[in-house]
4 protein chains.
Amino acid sequence: MSTPAAVHGEPRRRGRPPAGVAEQTRLAVLDAAVACFADQGYGSTSLRTIAERAGLTAGSVYHHFPSKQALYHAAYLYAFEVVYLSYEDSVVGRGSLLAELNAMLDRTSVIMETNQAMVAFISKSSAELSPRELGPLPQPVPWERFRDGMVHRAVERGELTEADARLFQRVFATLLWGLSSVGLRDPVARAECVEGLKRLLAGTLVAKAPPPALHP
Amino acid sequence: MSTPAAVHGEPRRRGRPPAGVAEQTRLAVLDAAVACFADQGYGSTSLRTIAERAGLTAGSVYHHFPSKQALYHAAYLYAFEVVYLSYEDSVVGRGSLLAELNAMLDRTSVIMETNQAMVAFISKSSAELSPRELGPLPQPVPWERFRDGMVHRAVERGELTEADARLFQRVFATLLWGLSSVGLRDPVARAECVEGLKRLLAGTLVAKAPPPALHP
Amino acid sequence: MSTPAAVHGEPRRRGRPPAGVAEQTRLAVLDAAVACFADQGYGSTSLRTIAERAGLTAGSVYHHFPSKQALYHAAYLYAFEVVYLSYEDSVVGRGSLLAELNAMLDRTSVIMETNQAMVAFISKSSAELSPRELGPLPQPVPWERFRDGMVHRAVERGELTEADARLFQRVFATLLWGLSSVGLRDPVARAECVEGLKRLLAGTLVAKAPPPALHP
Amino acid sequence: MSTPAAVHGEPRRRGRPPAGVAEQTRLAVLDAAVACFADQGYGSTSLRTIAERAGLTAGSVYHHFPSKQALYHAAYLYAFEVVYLSYEDSVVGRGSLLAELNAMLDRTSVIMETNQAMVAFISKSSAELSPRELGPLPQPVPWERFRDGMVHRAVERGELTEADARLFQRVFATLLWGLSSVGLRDPVARAECVEGLKRLLAGTLVAKAPPPALHP
DNA sequence: CATGAATGAGATTTCATTCAT
DNA sequence: GATGAATGAAATCTCATTCAT
């Protein structure tokens, strides 16, 4: 847990420098920060807590990040990168939007199990971005790339009209964000959520035409 | 903002205010708490900020709530009650699950406009409930009542099998929570979200059977 | 406990006015103050605690005493009066200094049992009189009258030389104050203390002439 | 006094002080704590006052002691150790109980002169140990060792019967505690106290057999 | 006479941050 | 690169006190 590893245990693909000791410490701090921020929120997390979880003292954190805010920003980018690389990986080679969505939902289950803190952090971050104390957060590029790629492919495949693309983007975000709120803590809830969303997307959850019966 | 002003404009005086004012003050504090907690999260919100927004001094808040934590709990119950009474109201008299869902989505738009802070607070609260700092939060009864009522009626109408009821509960939560994450700040996003979700529920967003066309 | 009664249940002798309701409340507050100050010290006792113990609210205390400090002063005079009236009573009619001392020690046992709080308060007060926060405390007249009376009678009887009178005053104070420190909480310690002091005064505790044996 | 100054005069600088200084700071805080607690009692002493007297800021005290209560406990152990080491030293080599008591009384005078604050602190502490605010205080081992040693030697020498040993312990405590209450502030009172107690112990203060004269 | 809402000052404690070692 | 003593600001909370009701 304190030596960062990619979501799936595979060696990190995009070239990170061959990790000297300093780099390892940096990653340990980032992991600790993600976990703490996810658990308690920005304001309630102290640098001392993060530092201790990473195995150093508060003062030492300043050798790696110039301020608590900067550490939050770095953790933010870090978490998005780790999680969405895994998502990108999960949809490779699927032939349809529905297949991609299903694969992604399955992967969500896995990520939530193995990287709970990162998902929780990301989920919380969207609410936390009050610029009053955090300053403007950078756009989470990996998430946008993943989302846009999926939409783009669906349009190319003809599963989505250009006009609907934007709508779908929103719905997609809604589902993912909702899922990380609802399915995060409880594995049962998580499984039911994923199953339910699959059925919803497949159109087999809600009866389209309710028995148009006699209703006073 | 920084000079405390009474809820109704005048500076507070010494001595006992006339009967009934105390309750008004309590509500003012609750409203301020909801707004501040929603904006900055529990840990980053100071009682001084809340008190000033409500027009009193920090110490006075302790006449109405015994601790910051207790204030959070009270605000939590308060927000759920206000929001879900509105939701209950929105689905009265609709004849089908889809109709109820559509009405509820429309009402969401309205609530998000007029009670942004309450929705934001509720949305955040689900992530915030780390018992380390907040203690165990009470069950949000109004939300559960609303959700269960909707499911119950759908089952009675035959739109949902008993077996699917649980799945639908989860999906329903996911959509609502996702919506409050994604559509909260930006009215355009909000509108697109609502529209997209309606289409998703109606089954007209994602093409069920992608043209199994010629794909190299 | 909250309706003040003289140490021995006898009706108070020196004329207090026939106690209207206000006077009763005043005494209840004084009793509560003595108990609280004795228990926690001046700085750690809050007016609210005292008021609650007396059955009213903090604000009401100000109808009877103009400030916390003034309440402390009043409690100080009150406790000394109650306790030393009882002491005066205990030595009436004894024929010798030793007899008076023995009677007084016995009475101490009784008072500590029935009026523990008052004794504790008096005992603590001698340390508490830092004028920084309490202002100058009035001389505790009842104590001085009791002490001086006892010495005066002893001198008249020829048990104490004029020259030793002052020394005896000091010793007397030392014994009484020591006793309230050591024997206050534990009844066994109290009994042993009283017994030991009697023996010390009688000259039968410490062997005067240690076996003048062969000591290199 | 209100501008923090280091123990040795200079204002404290940022950054880590050279080794060994930390221990000095700790002792400075303990000394300041003893002085302040003795002067004003636990509840009325603020950490800010203590810190300023020790030459640092209130927050810095928390590097050395985790809470005000813990600081009190540490000061308690510290004061007992300092004072009773001095007492132990004073009775070394005396040949009789009376000689030891006299030596101890003389030493009391000296200690009260040079370490007034410590004696006052110890004296107050016995009244202050209301566990409501201070938690359970540790046993003051140095005091018990001193007391028990003295009694033990007296019994061995045959000056005290086994049966009287317990009584003497109590009397001894009473005298010492009384002395620190009565003789603390005023040097004249102190001298008279010591002198009087010596006479009392020697049996030459109170006339044993009062002229059994004619008493109406 | 008593209440209780409110104030404003101050208490304890936490914490981001600095910097000599 | 890491430590840990120290700062100074701010946070939560308490409390003596006031005063309209």
Side-chain angles (χ1 to χ4, degrees), chain A residues 20-22 25-26 43-51 55-64 66-69 71, chain B residues 4 6 11-19 21-23 25-26 43-51 55-69 71, chain C residues 20-22 25-26 43-51 55-64 66-69 71, chain D residues 4 6 11-19 21-23 25-26 43-51 55-69 71:
Chain A
V21 169
T25 306
R26 209 189 108 97
S44 300
T45 300
S46 81
L47 267 195
R48 211 178 123 274
T49 311
I50 295 174
L56 6 74
T57 60
S60 307
V61 172
Y62 284 83
H63 282 283
H64 303 277
S67 71
K68 189 187 178 187
Q69 217 190 86
L71 173 56
Chain B
R12 269 170 214 264
R13 309 223 188 80
R14 282 296 179 85
R16 182 183 228 190
V21 166
E23 188 56 23
T25 305
R26 214 189 105 98
S44 301
T45 299
S46 87
L47 269 192
R48 213 181 116 273
T49 314
I50 295 174
L56 0 78
T57 60
S60 305
V61 172
Y62 286 84
H63 261 279
H64 301 276
F65 304 95
S67 69
K68 188 186 176 186
Q69 217 189 87
L71 173 56
Chain C
V21 168
T25 305
R26 209 188 108 97
S44 300
T45 300
S46 81
L47 267 195
R48 210 178 124 274
T49 311
I50 296 174
L56 6 73
T57 59
S60 307
V61 172
Y62 285 84
H63 283 282
H64 302 277
S67 72
K68 188 187 177 186
Q69 218 189 85
L71 173 57
Chain D
R12 265 167 217 268
R13 309 224 190 79
R14 281 298 179 86
R16 181 185 229 191
V21 166
E23 188 55 23
T25 304
R26 213 189 104 98
S44 301
T45 299
S46 87
L47 269 192
R48 212 181 116 272
T49 313
I50 295 174
L56 3 77
T57 60
S60 305
V61 172
Y62 285 83
H63 260 278
H64 302 277
F65 305 95
S67 69
K68 188 187 179 188
Q69 216 190 86
L71 174 56

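Chain identifiers are assigned alphabetically (A, B, ...) following the order of the sequence lines, protein sequences preceding nucleic acid strands; residue numbering begins at 1 within each chain.
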### Under the side-chain hydrogen bond (donor to acceptor under 3.5 Å, both in side chains) test, residues paired with C:Thr45 that sit two or more places apart
none
### Query
What are the two closest non-hydrogen atoms of C:Lys68 and C:Gly43, and how far apart are they?
NZ-O, 4.3 Å
### Message
Restricting to non-hydrogen atoms, name the atom on B:Val61 and the atom on B:Ala51 that form the minimum distance, rounded to 0.1 Å.
### Response
CG2-CB, 3.7 Å
### Task
Starting from P on F:dG4, measure out to CG on A:Leu47 and report it in whole angstrom.
16 Å
## Note on the structure
Listing for DNA chain E: consecutive Watson-Crick or G-U pair runs of at least 3, distance cutoff 3.5 Å, ranges ordered by first number, gives E:2-21 with F:2-21
### Task
Ignoring the backbone of D:Val21, work out which of F:dA6, F:dA16, E:dT13 is nearest its side chain.
F:dA6
### Query
For the atom pair NE2 (A:His63) and OG1 (A:Thr25), what is the distance rounded to the nearest 0.5 Å?
11.0 Å
### Message
Run the side-chain hydrogen bond (donor to acceptor under 3.5 Å, both in side chains) test against C:Thr49 and tell me which residues pass, sequence neighbours left out.
### Response
C:Ser46
### Query
Between atom CZ in A:Arg48 and atom P in E:dT18, what is the gap in whole Å?
19 Å
### Query
What is the distance, rounded to the nearest whole Å, between atom NZ of B:Lys68 and atom P of F:dT12?
4 Å
### Task
Take D:Ser67 and C:Gly55, find for each the nucleotide of DNA chain E with the closest heavy atom, and name the residue whose nucleotide sits nearer the 5' end.
C:Gly55
### Query
Whole Å only: how far is the CD1 atom of A:Ile50 from the C1' atom of E:dT14?
15 Å
### Message
By nearest heavy atom, map C:Ala58 and D:Ala58 onto DNA chain E; which one lands nearer the 5' end?
### Response
C:Ala58
### Task
Sequence neighbours left out, what passes side-chain hydrogen bond (donor to acceptor under 3.5 Å, both in side chains) with C:Ser67? Give chain and number order.
none
### Message
Going by the rule side-chain hydrogen bond (donor to acceptor under 3.5 Å, both in side chains), which residues pair with B:Ser44 if we only count those two or more places apart in sequence or in a different chain?
### Response
A:Glu133
### Test side chain to side chain contact (heavy atoms under 4.5 Å, CB included) applied to B:Tyr62 - qualifying residues, sequence neighbours left out
B:Leu47
### Query
The side chain of B:Ser46 lies closest to which of these nucleotides: F:dA11, F:dT7, E:dT3?
F:dA11
### Query
Between B:Gly43 and C:Gln69, who's closer to the 5' end of DNA chain F by nearest nucleotide?
B:Gly43
### Query
From the list F:dC13, E:dT7, F:dT3, which nucleotide is the closest neighbour of the side chain of A:Thr57?
F:dT3
### Query
Under 4.0 Å: is that the gap between some side-chain N or O of A:Thr25 and OP1 or OP2 of F:dG1?
no
### Query
In residues 59-66 of chain D, what residues come within less than 4.0 Å of DNA chain F, judged by heavy atoms?
D:Gly59, D:Ser60, D:His63, D:His64
### Message
Heavy atoms only, 4.0 Å cut-off, all strands: where does D:Thr49 land among base, sugar-phosphate and nothing?
### Response
nothing
### Spatial distance of atom CZ (C:Arg48) from atom CD1 (C:Ile50) [nearest 0.5 Å]
12.0 Å
